[in-house]
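Input: a single structure, listed below in structure tokens.
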Amino acid sequence: MVLKIQAIQGFKDILPGEAVCWQHIEQVARDVFHRFGFSEIRLPMMEETELFARSIGQATDIVEKEMYTFADKGITLRPEATASLLRAFIEHSLHLLQPVQKLYTIGPMFRHERPQKGRLRQFHQLDAEIIGADEPEVDAELIAMADMILAELGIRTNLEINSLGCPVCRPAFRQQLVAYLRRYTNELCPDCRRRTGSNPLRVLDCKNRNCRKLVADSPSILDFLCPDCGRHFEAVGRSLERLEVDFTVNRFMVRGLDYYTRTTFEFIAADLGAQSAVGAGGRYDGLIEQLGGPPLSGIGFALGMERLVLLMQQQETARFSPPVRLDVFVAALGREAAGHSQALVHRLRRQGLKAAMDHGGRSLKAQLKQAGRFDARYALIIGDNELERKSAVLRNMTDQQQTPFPLNLDAAEESRRLALLIQPTD
RNA sequence: GUGGGAGUAGCUCAGCUGGUGGCAGCACCUGGUUGUGGCCCAGGAGGUCGUGGGUUCAAGUCCCAUCUCUCACCCCA
């Protein structure tokens, strides 16, 4: 070996065994999205750097130090999906097509963070957004959709919701909170001392025990909500109850991105280590206008696919069906039989069957072993003997029953007969 | 960016206080069955013990450096 090349830090291969889990998750998610009337939108993975700076927030860690930016070209690998989606929404004036747009997108995001459990530098999200509606019932419906995806994957989580208020009421709260924190500056952890100045809301969800204790008696954002925000938050709760979605209100929950307003929520999972949020989102009224679009409000969420996979592997309730089995494995013995088999396998595939064979000229024993590895339902054994006698052996791999299969037909008829005999399940 | 833990076969790992790399398990290949998978039995293949330096008669084992992985802080899906 000249030089050992491996995947770069924080980037991971998803091997076949795990990929079936990913396929399952995507399939379930798409199905639920479609049930809720969402349409897929596919977006580029790079945008002008400016887009993220303006949406996520200039002062956030993401923009400040975690973005993969090609400085000379002024472009950046997207660290999240919402900004790109809104850019596309605005660019193509999608609001003119219908007043309320429900969109979802699935794909990789990039952040230059230190990898740990449930956190990678390239990670994947299921992202959904509702644009053009600000009714609290819409918030509830979107949250209920995420809840349904998790439920159908068999993943157990706790849903926490909060309201971050709006530009009318948040400044007053922020001011009061800072005033409160200033009184305890000496007792706060160093990080929180820093946060008090830069992002005081972040102190509310500090993990430090002492900070938690101090913050327990801090002013509550919920007491500061303006009448509109207060009514909105109450209604979201009532609506979630109608939809039978369990939740708890957590006034200490804050979100990292600057654009969030009003409703925010997180789906928390045990078994995920420190990165316990498997999904999260919130409302972002005002953001679209801020990006140069029409004055429309919006709300969205993202589910972390790596975290979903982790939970699927760890929670016994989360299961998915194994990969589909091969319908038939053709075991050929001898050159002539191999040629005949290859043509047959090809015709079977044209008919929609999952068929395979081995081209190594290996022993029957080895070939049947391989059929077993494919979890083939049937094996068709064709040797030069069989060609001569015009009769192959069809072996049911489950019950080991073997029946003769006539080879004295024309090619098309032969594959049709076989297809009929083994009755593929899908 | 800051800490802790770990790197021995494709995978999971033994290897005690330095003394020849493991009949180890799984997986793989071959044979037991002149052409019949899974179970069993026998055999085989597979390693510069992450890398570089040092101590020593002798290093997988001790020391230093470095790389990688991992968990946590931070941040967040």
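Computed from heavy atoms alone, side chains included, the values below leave out hydrogens, waters and symmetry copies. Note on naming: letters A, B, ... go to the chains in the order of the sequence lines (proteins, then strands), and numbering restarts at 1 for each one.
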Subject >> Residues that A/E244 engages under salt bridge (charged side-chain N to carboxylate O under 4.0 Å, His left out), provided they are two or more places apart >> reply: none
N/O-N/O pairs, protein side and nucleotides 2-6 of chain B side, under 3.5 Å:
from, atom 1, to, atom 2, distance (Å)
B/rU2, O4, A/R114, NH1, 2.8

Original post:
Hey, is the main chain of A/L164 close enough, under 3.5 Å, to the side chain of A/R170 for a donor-acceptor pair?
Top reply: yes
**OP:** Give A/G273 one of three labels, base, sugar-phosphate or nothing, depending on what nucleic acid heavy atoms sit under 4.0 Å from its own.
**Re:** sugar-phosphate
Original post:
Which is true for A/D127 with a 4.0 Å heavy-atom rule: it touches a base, it touches only sugar-phosphate, or it touches nothing?
Top reply: nothing
**OP:** Can you sort out the partners of A/H34 under ring-ring contact (aromatic ring centres under 6.0 Å, His included), two or more places apart, ordered by chain and number?
**Re:** A/Y104
Original post:
Which part of the nucleic acid, if any, lies within contact of A/L120, taking any heavy atom under 4.0 Å across all strands shown: a base, the sugar-phosphate backbone alone, or nothing?
Top reply: base
**OP:** Taking ring-ring contact (aromatic ring centres under 6.0 Å, His included) as the test, write out the residues that go with A/H92, two or more places apart.
**Re:** none
Original post:
In residues 75-89 of chain A, which residues come under 4.0 Å of RNA chain B by heavy atom?
Top reply: none
Subject >> A/D61 CG to B/rC76 P, straight-line distance once rounded to whole Å >> reply: 6 Å
Original post:
On a whole-Å scale, what distance lies between the C1' atoms belonging to B/rC16 and B/rC62?
Top reply: 15 Å
Subject >> Consecutive-pair stems (3 or more, Watson-Crick or G-U, under 3.5 Å) for RNA chain B >> reply: B:1-7 with B:67-73, B:10-12 with B:24-26, B:28-32 with B:40-44, B:50-54 with B:62-66
Subject >> Any side-chain donor near an acceptor of the partner, A/Q122 and A/R111, under 3.5 Å >> reply: no
Subject >> Given A/E266, A/E160, A/E80, the one that forms salt bridge (charged side-chain N to carboxylate O under 4.0 Å, His left out) with A/R255 >> reply: A/E266
Subject >> Length of the line joining A/E306:CD and B/rC76:P, which is rounded to integer Å >> reply: 18 Å
Original post:
Separation of A/E113 atom CD from B/rA72 atom P, in whole Å?
Top reply: 13 Å
Original post:
In whole Å, what is the span from the CD1 atom of A/I106 to the C1' atom of B/rA77?
Top reply: 14 Å
**OP:** Residues of residues 393-403 of chain A with any non-hydrogen atom less than 4.0 angstrom from an atom of RNA chain B: list those, numerically ordered, please.
**Re:** A/R395, A/M397, A/Q400, A/Q402
Subject >> Gap in Å between the two C1' atoms, one belonging to B/rU51 and one to B/rG60, rounded >> reply: 14 Å
Original post:
Please give, in whole Å, the distance from B/rU36 C1' to A/E386 CD?
Top reply: 11 Å
Original post:
Looking across every strand, which nucleic acid part, if any, lies under 4.0 Å from A/A371 by heavy atom: base, sugar-phosphate, or nothing?
Top reply: nothing
Original post:
For atom P, what is the distance between B/rC57 and B/rG15, given to the nearest Å?
Top reply: 28 Å
**OP:** Report, as yes or no, whether the 6.0 Å neighbourhood of atom CZ on A/F70 holds more than 12 heavy atoms from other residues, nucleotides or ligands.
**Re:** no
Original post:
Nearest to the side chain of A/L364, which nucleotide is it out of B/rA77, B/rU36, B/rC75?
Top reply: B/rU36
Original post:
Using atom C1' of each nucleotide, how far apart are B/rC40 and B/rG18 to the nearest Å?
Top reply: 42 Å
**OP:** Just grab all the ring pair (Phe, Tyr, Trp, His ring centres under 6.0 Å) pairs involving residues 255-284 of chain A, residues at least two apart or on different chains.
**Re:** A/Y259-A/Y284
**OP:** For A/R395 and A/Q402, test the side chains for any donor-to-acceptor distance below 3.5 angstrom and give the result as yes or no.
**Re:** yes
Subject >> Any A/R255 side-chain N or O less than 4.0 Å from OP1/OP2 of B/rA77 >> reply: yes
**OP:** Please tell me if the side chains of A/R417 and A/E414 come closer than 4.5 Å, counting only heavy atoms from C-beta onward.
**Re:** no
**OP:** Give a yes or no on whether A/R35 atom CZ has more than 12 heavy-atom contacts from other residues, nucleotides or ligands under 6.0 Å away.
**Re:** yes
Subject >> side-chain hydrogen bond (donor to acceptor under 3.5 Å, both in side chains) between A/T82 and A/E129, intermediate numbers included >> reply: CA-CA 8 Å; A/T82 304; A/E129 315 280 346; 2.8 Å; yes
Original post:
Given A/T263 and A/D139, is the side-chain hydrogen bond (donor to acceptor under 3.5 Å, both in side chains) satisfied, shown in steps?
Top reply: CA-CA 7 Å; A/T263 315; A/D139 301 29; 2.6 Å; yes
Original post:
Mapping A/E266 and A/R194 onto RNA chain B by nearest heavy atom, which one lands closer to the 5' end?
Top reply: A/R194
Subject >> Closest to the A/R111 side chain, choosing from B/rC29, B/rU30, B/rA77 >> reply: B/rA77
Subject >> Atom CD of A/Q342 with >12 non-hydrogen neighbours under 6.0 angstrom >> reply: no
Original post:
Counting heavy atoms not belonging to A/E388, are there more than 12 under 6.0 Å from its CD?
Top reply: no
Subject >> Residues A/S415, A/Q351; criterion side-chain hydrogen bond (donor to acceptor under 3.5 Å, both in side chains); working and verdict >> reply: CA-CA 8 Å; A/S415 61; A/Q351 293 181 25; 2.7 Å; yes
**OP:** Would you tell me if any nitrogen or oxygen in the side chain of A/Q275 comes within less than 4.0 Å of OP1 or OP2 on B/rC76?
**Re:** no
Subject >> Distance below 4.0 Å between A/R373 side-chain N/O and B/rA27 OP1 or OP2 >> reply: no
**OP:** Classify the side chain of A/Q116 and the base of B/rC74 as holding, or not holding, a donor-acceptor pair under 3.5 Å.
**Re:** yes
**OP:** Going 5' to 3' through nucleotides 40-47 of chain B, assign each nucleotide B (protein heavy atom under 4.0 Å from a base atom), S (under 4.0 Å only from sugar-phosphate atoms) or - (no protein heavy atom that close).
**Re:** --------
**OP:** Give one of base, sugar-phosphate or nothing for A/I381, where a contact means two heavy atoms less than 4.0 Å apart.
**Re:** base
Original post:
Should A/N396 and A/D399 count as side-chain neighbours, where that means a heavy-atom distance under 4.5 Å?
Top reply: yes
**OP:** Examine B/rU68: is either OP1 or OP2 under 4.0 Å from a nitrogen or oxygen in the side chain of A/Q6? Give yes or no.
**Re:** no
Original post:
Is the phosphate of B/rC71, meaning OP1 or OP2, less than 4.0 Å from a side-chain N or O of A/R119?
Top reply: no
**OP:** For A/Y260 and for A/R362, find the nucleotide of RNA chain B with the closest heavy atom, then tell me which residue's nucleotide is more 5'.
**Re:** A/R362
**OP:** Say whether, by atom type as modelled, one donor and one acceptor occur between the side chain of A/K102 and the main chain of A/F36 under 3.5 angstrom.
**Re:** yes
Original post:
Across the strands shown, which category fits A/K207 at heavy-atom distances under 4.0 angstrom: base, sugar-phosphate, nothing?
Top reply: base
Subject >> Sub-4.0 Å heavy-atom contacts from residues 7-26 of chain A onto RNA chain B, ordered by number >> reply: A/Q9
Subject >> Min side-chain heavy-atom separation A/L353-A/V345 under 4.5 Å >> reply: no
Original post:
Using a cut-off of 4.0 Å on non-hydrogen atoms, how would the nucleic acid contact of A/E64 be classed: base, sugar-phosphate, or nothing?
Top reply: nothing
Original post:
Listed by chain and number, what are the salt bridge (charged side-chain N to carboxylate O under 4.0 Å, His left out) partners of A/R156, not counting sequence neighbours?
Top reply: A/E316
**OP:** Name all residues meeting the ring-ring contact (aromatic ring centres under 6.0 Å, His included) criterion together with A/Y184; count only those two or more places apart in sequence or in a different chain, and write none if there are none.
**Re:** A/Y180
**OP:** Please check the phosphate of B/rC29 (OP1 and OP2 only) for any side-chain N or O of A/K369 closer than 4.0 Å.
**Re:** yes
Original post:
Considering only B/rA77, B/rC75, B/rC29, which nucleotide approaches the side chain of A/E66 most closely?
Top reply: B/rC75
